[in-house]
Amino acid sequence: MTTADISTVFLDLDDTICRHPRSTADRLADAFNAAGVNPFFDVTDFRRWLAQVSADTRLELREKCFARIADEQGRDPADALAVARTYEDPDPTSVEFLPGAESALDRLGATHDLALVTNGGRETQTAKLEALDIADHFGALTFAGSDHAVKPDPQPFEYTLSAMGVSADETVHVGNSLRADVAGAHAAGLQSVWLEEREMAGAHDPHHTIASMHDLHEPPWM
Ligand SMILES: [Mg+2]
């Protein structure tokens, strides 16, 4: 099969199709401010620990991450907990499209079958899809980490392939995370399209790299 035989496109949701107008960095700065603590770590530290800890609630997850960072830096754990508690979760209904994403869905949807493979809770992710009014674009919605293993586990991709009745070699997955999307797609035997972001490159080699969702208007695998 050649790359021109791609029939199906899987897409990630967060920071691929949509984003919050107020970034994680903004909300973290707000949290330090509200807690009256001088900023002692940034989003990079937060993301690094997020990948390594697990918890039942978002608050507990933040408490664990921030406490590890405080420990690492010899800071007062009380400061970490204060910041974890003042950090405000983003409102899922306030999401906005990334540039080019809405028209990319329209264009790709005319020539390919589309499915969503997103990490995140069903309720939160569904609220975003409703706010954007895009659920109808997708033949399958897979909420990895809620009903399935978390990407980069191949299981949510494999589940979606079977839900769509397609094989891995006729499917590409588009996403912004090298770790979750590119590595996950490869683990399931799919081609990958990486929406480039400032993240450490090199660990996983995407088949295609795009600078913005506008670049999907002319699919890079065609
Ligand atoms: Mg993402």
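Remember, it's 1-based here, ligands and their atoms both numbered in the order they're listed. Numbers here are sequence positions counted from 1.
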* Can you tell me if an N/O/S atom from Ser177 lies under 2.8 Å from the Mg ion (ligand 1)? -> no

* With sequence neighbours left out, what residues match His112 under ring-ring contact (aromatic ring centres under 6.0 Å, His included)? -> Trp221

* If you measure only the distance, is there a donor-acceptor pair under 3.5 Å linking the side chains of Ser167 and Glu170? -> yes

* Quick check: does Asp12 put an N/O/S atom under 2.8 Å from the Mg ion (ligand 1)? -> yes

* Sub-3.5 Å donor-acceptor pair from the side chain of Arg75 to the main-chain atoms of Ala70, do we have one? -> no

* To do: Among the N/O/S atoms of Asp14, select the one at the shortest distance from the Mg ion (ligand 1) and name it.
  => O

* Name of the residue among Gln191, His207, His173 meeting side chain to side chain contact (heavy atoms under 4.5 Å, CB included) with His186 -> His207

